[in-house]
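Note: hydrogens, waters and symmetry copies are ignored here, and every other heavy atom, side chains too, is used.
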Amino acid sequence: MILLSAPPSPTIPPAPCLRSDSDFAFAFNNSNFSDRDLRIEILPDFPYYKHDPGASTSISDWARNRKRRRDDLPKDASEATLEHVLSYHMPDSDDAVAYENQGLEPVAMIEESPPGEGFDPGRPDDEADEPKDVGALAGDEELAMDCSTILRVETLHVSSLLLAAKSRFFYKLFSYGMRESDQRHVTLRIHASEEAAFIDLLNFMYSRTLSATTPTALLDVLMAADKFEVASCMRHCSKRLRNLPMTCESALLYLDLPSTVLMAEAVQPLTDAAKQFLATHYKDISKFQEEVLNLPLAGIEAVLSSDDLQVASEDAVYDFVLKWARIHYPKLEDRQGILGSRLGRLIRFPYVTGRKLKKVLSCNDFDPDLASKVVLEALFFKAEAPYRQRSLAAEEASGSHRRFVERAYKYRPVKVVEFEVPHQQCIVYLDLKREECAHLFPSGRVYSQAFHLVGQGFFLSAHCHMDQQSSFHCFGLFLGMQDKGSVSFTVEYEFAAWSKSSEDFVSKYKGNYTFTGGKAVGYRNLFGIPWTTFMGDESPCFINGILHLRAELTIRR
């Protein structure tokens with residue numbers, strides 16, 4: 001028996017091509033249509049891996065077992081297993097060729113003739129030298145036992161041409177491992193928990209069908225397809241899993257698949273679907289705050305990357321990210337690292353209010369250089385003209401970083417310019433999209449983010465009203481003061497809107513009002529036209545689908 005060793009990095013020619021829809025089920029395990037015998041040695045699972053082939057395990061059970069196998073296995077376990085087999089089965093030979101994959105990969109061997117009766121491939125030949133320290137070589141006693149103990153052996157008749165056409169693993173195996181025509185016998189070693197999935201995978205390569213129907217069984221086949229590099233089966237499993245009902249548990253599992261699978265193009269649609277499911281399920285994070293706070297990193301990234309996230313403002317996203325990071329990364333150094341590398345990009349700082357940006361600069365959760373960078377970027381964006389802001393957002397719309405793309409905030413962002421002299425004054429700019437205005441009919445309203453003047457919070461609100469005198473719907477704009485005890489202010493205010501004809505803001509309404517907490521003042525029909533005219537195709541109010549509003553506030557003592 002000869003163990004395959006690494007080839008001298010030759011250029012691998014294209015694999016033979018068979019029609020992707022061909023059905024060769026009739027040839028599976030049929031000696032008349034096979035040129036090789038595949039000898040499958042079934043090894044016991046590790047002691048901590050509980051596997052019951054007849055049980056219907058849940059997604060959580062599957063994930064727990066896989067994670068324990070992945071996390072608990074010594075880092076050098078796969079190398080140790082391979083070394084152990086080498087010591088027992090393989091004499092020194094320049095002709096030996098091996099194929100190594102990542103993680104716990106299949107150990108492949110080829111034999112010049114079938115083993116005779118009484119030959120135990122799991123034990124060293126009499127003439128082979130025993131390793132000096134088997135325990136150290138294999139990592140621990142359990143792993144050493146796993147390498148040498150074979151539960152049973154299954155033999156299948158296979159076609160090397162068909163397997164090579166479907167699997168890069170078998171293509172490299174047959175291309176460089178079997179140089180003589182009489183080398184018919186190939187030996188693979190797999191664990192007992194992988195047997196059903198591996199047989200299903202072989203069947204798929206012949207017939208393009210799977211017996212697996214449950215999520216756990218399909219995931220097992222997917223892992224086997226990744227290990228043996230059968231891209232067509234990975235795509236098939238991915239599609240089947242996407243068509244099954246998804247849960248938060250399964251979505252998080254798909255995002256936590258090993259990187260070799262996660263990075264595969266074949267599985268990308270599955271991970272994209274998992275992200276979309278989580279983003280939709282937790283769209284209103286205020287309803288699931290505790291659940292979202294307990295999500296792992298991959299889950300929180302999926303939720304907070306969504307444009308459709310229903311939050312009051314980006315300030316709320318900033319506060320939420322900090323709260324999550326402090327729970328999951330209690331050490332400041334770790335927290336700064338994860339905010340700088342992963343979580344920081346989830347916050348769209350250009351839509352964070354100025355008051356909150358000041359807090360970012362003094363927040364020690366962020367590296368000072370990163371805090372300065374994101375705040376400066378946000379301030380530059382806020383200073384841009386509206387058309388330039390929309391251009392920057394459009395450039396990022398198809399990318400992974402969407403810091404300039406506005407979410408569907410409950411409170412609409414505003415741009416504020418403050419003055420101290422000659423009067424305490426601020427100018428507030430509010431932009432509303434045509435579709436946002438359309439959603440106001442027949443009696444809706446939309447609020448702006450809060451802005452501050454002399455330390456008091458104010459807001460704008462746009463309404464769709466029924467004009468009592470003319471009996472038609474119309475667009476109204478109001479100014480309100482946040483409730484803050486018995487404080488009162490006399491404010492001189494003016495509402496204006498951008499006009500197509502004048503290409504400038506045109507005053508629509510002005511007045512004086514003494515505000516107390518929770519009060520609002522405004523005009524029910526800001527443009528003096530019916531709603532149908534306001535929203536019509538020829539409306540003078542919208543510029544490229546945007547309604548530009550301005551409010552000037554001046555404090556009068």
Side-chain angles (χ1 to χ4, degrees), residues 63-64 66-68 70-72 75 248-249 251-263 267-268 271-272 274-283 285-286 288-353 356-379 381 396 399-405 407:
R64 233 181 344 260
R66 287 289 176 178
K67 184 173 180 61
R68 292 180 68 182
R70 194 165 70 229
D71 294 346
D72 295 348
K75 291 183 179 180
C248 294
E249 186 181 54
L252 291 171
L253 175 59
Y254 301 152
L255 295 180
D256 192 42
L257 290 172
S259 59
T260 53
V261 173
L262 193 60
M263 297 301 291
V267 187
Q268 194 61 48
T271 58
D272 290 342
K275 292 176 183 178
Q276 184 58 47
F277 176 87
L278 292 172
T280 302
H281 182 78
Y282 294 114
K283 184 177 181 179
I285 60 175
S286 62
F288 305 97
Q289 185 166 350
E290 292 304 317
E291 286 185 45
V292 180
L293 284 173
N294 289 323
L295 289 178
L297 179 60
I300 200 71
E301 286 182 314
V303 172
L304 297 185
S305 294
S306 172
D307 296 343
D308 298 323
L309 191 67
Q310 292 181 352
V311 287
S313 66
E314 197 65 29
D315 289 13
V317 177
Y318 170 82
D319 292 335
F320 193 89
V321 167
L322 282 188
K323 188 174 182 179
W324 186 93
R326 288 166 181 169
I327 292 173
H328 293 266
Y329 295 86
K331 292 184 178 179
L332 178 61
E333 183 178 356
D334 296 339
R335 192 159 62 248
Q336 286 183 338
I338 200 65
L339 285 168
S341 62
R342 303 281 291 273
L343 290 176
R345 64 182 178 82
L346 303 178
I347 306 170
R348 303 183 184 184
F349 287 99
Y351 296 99
V352 172
T353 62
K356 186 68 73 173
L357 288 175
K358 292 179 182 178
K359 294 183 179 181
V360 175
L361 290 174
S362 60
C363 179
N364 64 357
D365 294 273
F366 286 90
D367 178 82
D369 291 338
L370 174 63
S372 298
K373 178 179 179 297
V374 297
V375 169
L376 281 175
E377 183 180 64
L379 293 176
F381 178 83
E396 281 198 333
S400 57
H401 297 284
R402 302 171 65 80
R403 60 193 183 281
F404 298 135
V405 179
R407 302 185 203 263

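A search for ring-ring contact (aromatic ring centres under 6.0 Å, His included) contacts involving Y282 returns F288, not counting sequence neighbours. Take A371 and apply the side chain to side chain contact (heavy atoms under 4.5 Å, CB included) test, not counting sequence neighbours, and it matches V360, F366. Legend: residues meeting side-chain hydrogen bond (donor to acceptor under 3.5 Å, both in side chains) with Q336, ordered by chain and number and at least two apart, are absent. When the side-chain hydrogen bond (donor to acceptor under 3.5 Å, both in side chains) test is applied to H281, no partner is found at least two apart in sequence or on another chain. Every residue two or more places apart in sequence or in another chain that forms a side-chain hydrogen bond (donor to acceptor under 3.5 Å, both in side chains) with K356 is listed here: D319. By the side chain to side chain contact (heavy atoms under 4.5 Å, CB included) test, K323 is found to be paired with Q289, L293, I327, residues two or more places apart in sequence or in another chain being considered. Listed by chain and residue number, nothing satisfies the ring-ring contact (aromatic ring centres under 6.0 Å, His included) test with F320 (two or more places apart in sequence, or in another chain). In this structure R403 satisfies the side-chain hydrogen bond (donor to acceptor under 3.5 Å, both in side chains) test together with E377, E396, sequence neighbours excluded. Q276 meets the side chain to side chain contact (heavy atoms under 4.5 Å, CB included) test with T280; sequence neighbours excluded. Residues satisfying the side chain to side chain contact (heavy atoms under 4.5 Å, CB included) criterion with N294, sequence neighbours excluded, are absent altogether.
To the nearest 0.5 Å, atoms CD1 (I338) and CG (L297) are separated by 5.0 Å. From Y351, atom OH reaches atom CZ of F381 across 3.5 Å, with rounding to the nearest 0.5 Å. Atom CG of L322 and atom CG of L343 lie 9.5 Å apart (nearest 0.5 Å). Atom-to-atom distance recorded for L309:CG and I285:CD1 is 5.0 Å, nearest 0.5 angstrom. If you take CD on E290 and CG on L295, they are separated by 11.5 Å, rounding to the nearest 0.5 Å. Taking SG of C363 as the reference point, atom CG of L357 lies at 12.0 Å (rounded to 0.5 Å).
Considering every non-hydrogen atom in both Y254 and A274, the closest pair reads CB-CB, 4.1 Å. In plain terms, the two heavy atoms of S372 and L361 that are nearest each other are CA-CD2, 4.0 Å.
Screening residues 329-340 for salt bridge (charged side-chain N to carboxylate O under 4.0 Å, His left out) gives R335-D365 as the qualifying pairs, with residues at least two apart or on separate chains.
None of L255, I300, V292 except one satisfies the side-chain contact (heavy atoms from CB on, under 4.5 Å) rule with L278; the exception is L255.
Salt bridge annotation for E301-K275: absent, with no cationic side-chain nitrogen under 4.0 angstrom from a carboxylate oxygen.
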request  = Take R348 and D307, measure what salt bridge (charged side-chain N to carboxylate O under 4.0 Å, His left out) needs, and give me the verdict at the end.
outcome  = CA-CA 10 Å; R348 303 183 184 184; D307 296 343; 2.8 Å; yes
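Of the possible polar contacts, none joining the D308 side chain to the K283 backbone as a donor-acceptor pair under 3.5 Å is found. Judged by distance alone, the side chain of S305 and the main-chain N or O of A302 form no donor-acceptor pair under 3.5 Å.
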